[in-house]
Amino acid sequence: QVQLVESGGRLVEAGGSLRLSCTASGFTTGRPFSYYAVGWFRQAPGKEREFVAAISWSGTNTSYRDIVKGRFTVSRDNAENTAYLRMDSLKPEDTAVYFCAAVLETSVKFYSDAAGYPYWGQGTQVTVSS
């Protein structure tokens, strides 16, 4: 089955930049990575999981949570089965565990709805210090 692995999370000072990667594998159904939309979510301690960004299977359609719009950029490289989340001008409030998730584009109802994603990574910790 489809498996996702996030990487790139680390401690970074406020104002810094970071790029998270989400590498996918296990496409045994005959449908490649490019058939899937990828979403990014985050969860801070004591807080609910929240939508961050998403990118469609073609890469032409992207969505962002308002609070990160203009600072974060989601992209993908289908040849490498990888999606990315570039984060610029990081703030302490961006501290959270970041997860990537995938869903067949044809099954997407709302990119921001975590319940619509059947495949999830384990998460990577991003800590932004002041």
Side-chain angles (χ1 to χ4, degrees):
Q1 63 176 343
V2 175
Q3 297 180 43
L4 306 174
V5 179
E6 304 95 337
S7 63
R10 60 179 175 85
L11 173 66
V12 62
E13 293 188 352
S17 298
L18 200 60
R19 188 179 75 164
L20 305 183
S21 297
C22 174
T23 300
S25 62
F27 301 101
T28 60
T29 65
R31 290 185 287 273
F33 176 64
S34 60
Y35 281 39
Y36 294 79
V38 175
W40 286 95
F41 297 80
R42 67 185 184 186
Q43 186 167 21
K47 303 293 184 180
E48 295 183 350
R49 179 174 53 187
E50 64 181 23
F51 170 74
V52 177
I55 186 167
S56 66
W57 63 346
S58 66
T60 59
N61 186 12
T62 58
S63 297
Y64 296 92
R65 179 180 177 83
D66 288 343
I67 198 69
V68 307
K69 194 173 299 181
R71 296 191 297 121
F72 290 12
T73 303
V74 63
S75 62
R76 66 191 297 161
D77 185 344
N78 289 336
E80 297 295 330
N81 289 347
T82 302
Y84 304 94
L85 180 68
R86 179 180 174 82
M87 304 180 290
D88 296 313
S89 301
L90 283 163
K91 305 174 180 179
E93 50 263 44
D94 292 318
T95 295
V97 175
Y98 284 71
F99 300 88
C100 67
V103 57
L104 282 168
E105 185 70 36
T106 54
S107 297
V108 172
K109 293 182 178 180
F110 301 100
Y111 287 117
S112 61
D113 183 10
Y117 292 82
Y119 308 111
W120 290 80
Q122 295 298 304
T124 185
Q125 177 71 49
V126 172
T127 302
V128 184
S129 63
S130 60

Flag yes if [X] and [Y] sit in one hydrophobic cluster, no otherwise; membership is Ile, Leu, Val, Met, Phe, Trp, Tyr, and two members link when side-chain heavy atoms are under 4.5 Å apart.
{"X": "Y64", "Y": "W40", "answer": "yes"}
{"X": "V108", "Y": "V38", "answer": "no"}
{"X": "V52", "Y": "L18", "answer": "yes"}
{"X": "F72", "Y": "F51", "answer": "no"}
{"X": "V126", "Y": "F99", "answer": "no"}

What pair of heavy atoms forms the shortest contact from [X] to [Y], and how long is it?
{"X": "Y117", "Y": "A54", "answer": "OH-CB, 3.8 Å"}
{"X": "E105", "Y": "W57", "answer": "OE1-N, 3.0 Å"}
{"X": "S112", "Y": "F41", "answer": "O-CE2, 3.6 Å"}
{"X": "A14", "Y": "S130", "answer": "CB-CA, 4.3 Å"}
{"X": "L4", "Y": "A24", "answer": "CD2-CB, 3.4 Å"}
{"X": "Y111", "Y": "S56", "answer": "OH-CB, 3.3 Å"}

Any donor and acceptor pair, going by atom type alone, linking the side chain of [X] with main-chain N or O of [Y] inside 3.5 Å?
{"X": "T82", "Y": "E80", "answer": "yes"}
{"X": "R71", "Y": "S89", "answer": "yes"}
{"X": "E6", "Y": "G123", "answer": "yes"}
{"X": "T95", "Y": "V128", "answer": "yes"}

Just how far is it from atom [atom1] of [X] to atom [atom2] of [Y], taken to the nearest 0.5 Å?
{"X": "R76", "Y": "S21", "atom1": "CZ", "atom2": "OG", "answer": "13.5 Å"}
{"X": "Y84", "Y": "T23", "atom1": "OH", "atom2": "OG1", "answer": "6.5 Å"}
{"X": "S34", "Y": "D77", "atom1": "OG", "atom2": "CG", "answer": "11.5 Å"}

Exceeds 12 heavy-atom contacts within 6.0 angstrom, atom [atom1] of [X]:
{"X": "L11", "atom1": "CG", "value": "yes"}
{"X": "Q125", "atom1": "CD", "value": "yes"}
{"X": "E93", "atom1": "CD", "value": "yes"}

| message | Under a 4.0 Å threshold between the charged nitrogen and the carboxylate oxygen, would D94 count as salt-bridged to K91? | response |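 The answer is no: the pair does not qualify as a salt bridge.
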| said: I want to check something: taking the side chain as every heavy atom from C-beta on, are E50 and R42 in contact at a cut-off of under 4.5 Å? | reply: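 They are in side-chain contact.
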| request: For side chain to side chain contact (heavy atoms under 4.5 Å, CB included), just list the numbers for F27 and V2, CA-CA rounded to whole Å, side-chain angles, deciding distance to a tenth of an Å, and then say yes or no. | output: CA-CA 6 Å; F27 301 101; V2 175; 3.9 Å; yes
| request: Measure the acute angle between the ring planes of Y36 and Y119, then classify it against the limits of 30° and 60° as parallel, tilted or perpendicular. | output: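 If you compare the ring of Y36 with that of Y119, the planes turn out perpendicular.
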